[in-house]
Amino acid sequence: MPENKIKIINQKVCCPFCEENGYIYKTRLHPNLDEIFVCDECDGLWIDEKLNENPQIPNLRVYIEKNNLTNEEVKKVTVEYNWYK
């Protein structure tokens, strides 16, 4: 989905992958503090705010595993829904 086609409802960015069933939130994960974008419905994950139609990484679990971490080690430091300007 091109950057200018991002759909916003109630000041939240709609997920382009699950056809607007979920909203994308921006978060930072501890311990690595990477900034990522995650759908609260399908768990699709993007590593930048361009939000192509398909997630860059299938879900948060895969992202955690690719970074050699466990669910117990990872904590969401921030969760922000109103990130898109």
Side-chain angles (χ1 to χ4, degrees):
M1 176 175 288
E3 195 171 343
N4 62 354
K5 299 274 185 174
I6 290 176
K7 185 167 185 174
I8 298 175
I9 298 176
N10 297 325
Q11 298 179 335
K12 296 178 182 178
V13 176
C14 295
C15 178
F17 184 65
C18 69
E19 300 178 355
E20 303 169 13
N21 289 321
Y23 295 110
I24 306 291
Y25 61 88
K26 177 173 75 171
T27 187
R28 289 192 183 272
L29 300 179
H30 177 78
N32 59 8
L33 295 180
D34 289 344
E35 185 175 84
I36 58 173
F37 301 84
V38 182
C39 175
D40 63 9
E41 179 69 24
C42 71
D43 225 15
L45 188 145
W46 293 262
I47 53 176
D48 61 47
E49 61 185 51
K50 290 183 181 145
L51 301 182
N52 297 325
E53 190 170 313
N54 294 318
Q56 292 165 315
I57 298 174
N59 58 52
L60 192 53
R61 181 186 54 77
V62 171
Y63 179 82
I64 290 169
E65 289 172 358
K66 283 186 175 193
N67 284 282
N68 297 316
L69 299 168
T70 65
N71 283 335
E72 293 76 30
E73 294 173 304
V74 174
K75 302 288 182 246
K76 292 177 185 170
V77 177
T78 61
V79 173
E80 181 183 353
Y81 278 95
N82 299 332
W83 56 270
Y84 187 75
K85 307 294 183 237

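The first residue in the sequence is number 1, and the count goes up from there. Below, all heavy atoms of this structure are taken into account, side chains as well, without hydrogens, waters or symmetry copies.
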Point-to-point distance, once rounded to the nearest 0.5 Å, from [atom1] of [X] to [atom2] of [Y]:
{"X": "Asn71", "Y": "Glu73", "atom1": "CG", "atom2": "CD", "answer": "9.5 Å"}
{"X": "His30", "Y": "Lys76", "atom1": "NE2", "atom2": "NZ", "answer": "15.0 Å"}
{"X": "Asp43", "Y": "Ile57", "atom1": "CG", "atom2": "CD1", "answer": "11.5 Å"}
{"X": "Leu51", "Y": "Ile6", "atom1": "CG", "atom2": "CD1", "answer": "4.5 Å"}

Connected via hydrophobic side-chain network under 4.5 Å: [X] and [Y]:
{"X": "Ile47", "Y": "Val62", "answer": "yes"}
{"X": "Tyr84", "Y": "Leu45", "answer": "no"}
{"X": "Val79", "Y": "Leu60", "answer": "yes"}
{"X": "Tyr25", "Y": "Ile36", "answer": "yes"}
{"X": "Val13", "Y": "Tyr81", "answer": "no"}

Within the structure provided, determine whether [X] and [Y] are in side-chain contact (heavy-atom separation under 4.5 Å).
{"X": "Leu29", "Y": "Asp34", "result": "no"}
{"X": "Cys39", "Y": "Pro55", "result": "no"}
{"X": "Tyr23", "Y": "Ile9", "result": "yes"}
{"X": "Asp48", "Y": "Gln56", "result": "yes"}
{"X": "Asp40", "Y": "Lys12", "result": "no"}

Between [X] and [Y] (side chain of the first, backbone of the second, donor and acceptor by atom type, cut-off under 3.5 Å), is there such a pair?
{"X": "Thr27", "Y": "Thr78", "result": "yes"}
{"X": "Asn67", "Y": "Leu69", "result": "no"}
{"X": "Trp46", "Y": "Asn54", "result": "yes"}

